Protein chains: 2
Amino acid sequence: MKSRKRAPLSRPAGRPRSFDSAKALDRALQIFWRKGYAGASLSDLTTAMRINRPSLYAAFGDKETLFLRVLDHYAQGPGSHALHALDEPTSRAVVEKLLRGGADLLTAPGNPRGCLLVHGALTCGNNADSMRRELISRRTASELALRSRFTRARKEGDLPKDANPANLARYIVTIIHGMSVQAAGGATRVELRCVADIALQNWPTSRVLHKKQLGTPAITGD
Amino acid sequence: MKSRKRAPLSRPAGRPRSFDSAKALDRALQIFWRKGYAGASLSDLTTAMRINRPSLYAAFGDKETLFLRVLDHYAQGPGSHALHALDEPTSRAVVEKLLRGGADLLTAPGNPRGCLLVHGALTCGNNADSMRRELISRRTASELALRSRFTRARKEGDLPKDANPANLARYIVTIIHGMSVQAAGGATRVELRCVADIALQNWPTSRVLHKKQLGTPAITGD
DNA sequence: CTAGTTTTTTACCGGTCGGTACATAAAGAC
DNA sequence: GTCTTTATGTACCGACCGGTAAAAAACTAG
């Protein structure tokens, strides 16, 4: 056992908790990330979290509630690059950070391959419908945030006036979701970066013209 | 009961089968497509196939074997556009048929949303590892077929000499997989077609130049 | 010390999973 | 008719699922 910390201030009374709930959440994230919502059994979770089953229920509620907390944990941790990407000054920089950061996240050495939001609950399980809808809702929210970022970019002259923010945002998130599937299928980081590069190669620009476009085919895959 | 067909030639002896195995396979496909491999329980399958459990095992083997047969059924039925796409004369026509046909398939009114090969077994279930690898293998095979089609196109002068067939193929299948995720999330057919159009808008060409590229941003999302 | 509070531990619940044993039904062979 | 062969229907198996009851343990308050 570990050495007990002395409580510096009034402790809440009752038997003290024997585990760090933040670390337990981290471990739960790893399991859900690797196995999905339905694929992660309570035994998988409690084993990884080094917690007994009733302790899990007392601390985090049922499996659904735990998964929701894990989703927040994921958004603020591994998935945080998506939030920061929106702060980039130009739409191209936003997309660049999204795609490259995505390629890196989806193939990060210590993490499961793929995106928790994509693989968490696709078609598995009859009882996972509410969680599937939750994931869809979060993915849609990301797409809408990106769309409004592109709308702003068009207003600022960063995107051409005839650009369609909704379609562009959907195009980008489609590529990211596809990269997640590719990563889960074993694609390497450099392979995903190549895909990102192709998508970036012809990102619309309203002011500067790429000279390459004059006489060279649009994308070559290099 | 149905009217018994008269056997025109020697029947194999024994009690005749009371169901059409092709129809049963169709119904099994619907269930696997909608719920995935792990998500489709034997009760789901037997109910949909209108077959008792032992009949299923006698006719198709266990759940894994049934799923493999369903995969073949899928490839030759709903997914057959992918095969025919490779026969198109130009790489652009191949991609066009792949993306537009994919958008149509993934949002076909009578079918489950998404692609069986993508959603069949992503992260669900601890025992579905072998099926997951099977699906990954089939997806990889498709990507390789597309890559060699692009290699041929480059050899024929249909693609520029500096085009990279491997990266282009990976880019296209990434978009298709992403469209599958989008479809499962509720994207409509026109939305997916917009994504396909964006990807098509700048497909490399070695001979003809798009005049639009001279003074217009590469992609606008329209 | 005792009383009260909260967490841990063990053991268990009903339900569902994939898979099967067994008896019966329906056909051909004779 | 009887024998053989194959398919069907019922009823069941052990394993695992998510979730919980109940008792023991560890702490504070007095």
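In this text, all values refer to a predicted model and were calculated from it rather than measured experimentally.
- Rounding to the nearest 0.5 Å places CG of A:Leu168 at 5.0 Å from CD1 of B:Ile198.
- In this structure, CG of A:Leu42 is placed 18 Å from P of C:dC13, rounded to the nearest angstrom.
- In summary, of the residues considered (B:Thr174, B:Val173, B:Asn167, B:Ile175), a side chain to side chain contact (heavy atoms under 4.5 Å, CB included) with B:Tyr171 occurs for B:Ile175 alone.
- Qualifying ring pair (Phe, Tyr, Trp, His ring centres under 6.0 Å) partners for A:Phe67, counting only residues two or more places apart in sequence or in other chains: A:Phe32, A:Tyr37.
- Note on B:Glu134 versus B:Arg138: salt bridge recorded, some NZ/NE/NH1/NH2 to OD/OE distance being below 4.0 Å.
- Whole-Å rounding puts the B:Ile31 CD1 to C:dC17 P distance at 13 Å.
- Put simply, NZ on A:Lys35 and CG on A:Leu45 are 9.0 Å apart, with the number rounded to the nearest 0.5 Å.
- A:Arg132 and A:Asp129 are joined by a salt bridge, as a carboxylate oxygen and a charged side-chain nitrogen come within less than 4.0 angstrom of each other.
- For the pair B:Asp20 CG and D:dA7 P, the computed distance is 15 Å after rounding to whole Å.
- The phosphate of C:dT8 has OP1 or OP2 within less than 4.0 Å of a side-chain N or O from A:Ser18.
- In this view, B:Arg189 and B:Asp104 satisfy the salt bridge (Lys or Arg N to Asp or Glu O under 4.0 Å) rule, not counting sequence neighbours.
- We find that CG of A:Leu45 is positioned 10 Å from P of D:dC17, with the value rounded to whole Å.
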Contact list (N/O, under 3.5 angstrom) for nucleotides 2-6 of chain C vs protein:
from: C:dT6; atom 1: O2; to: A:Arg15; atom 2: N; distance (Å): 3.2

Pairs under 3.5 angstrom only: tabulate donor-acceptor contacts from the side chains of residues 47-54 of chain A to other protein residues two or more places apart or in another chain.
from: A:Thr47; atom 1: OG1; to: A:Ser43; atom 2: O; distance (Å): 2.7
from: A:Arg53; atom 1: NH2; to: A:Ser43; atom 2: OG; distance (Å): 3.1

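- Side-chain contact check for B:Gln182 versus B:Glu191: every heavy-atom pair is 4.5 Å or farther apart.
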Pairs counted only when both distances fall under 3.5 Å, Watson-Crick or G-U: show me the 5' to 3' dot-bracket for DNA chain C, [ ] for pseudoknotted crossings and | for other-strand partners. ||||||||||||||||||||||||||||||
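- Applying side chain to side chain contact (heavy atoms under 4.5 Å, CB included) to B:Leu192 and the options B:Leu99, B:Leu105, B:Leu106 leaves one that passes, B:Leu106.
- A heavy atom closer than 4.0 Å to some atom of DNA chain C occurs in A:Asn52, A:Pro54, A:Ser55, these being the qualifying members of residues 51-67 of chain A.
- To the nearest 0.5 angstrom, A:Leu144 atom CG is 15.5 Å from A:Arg149 atom CZ.
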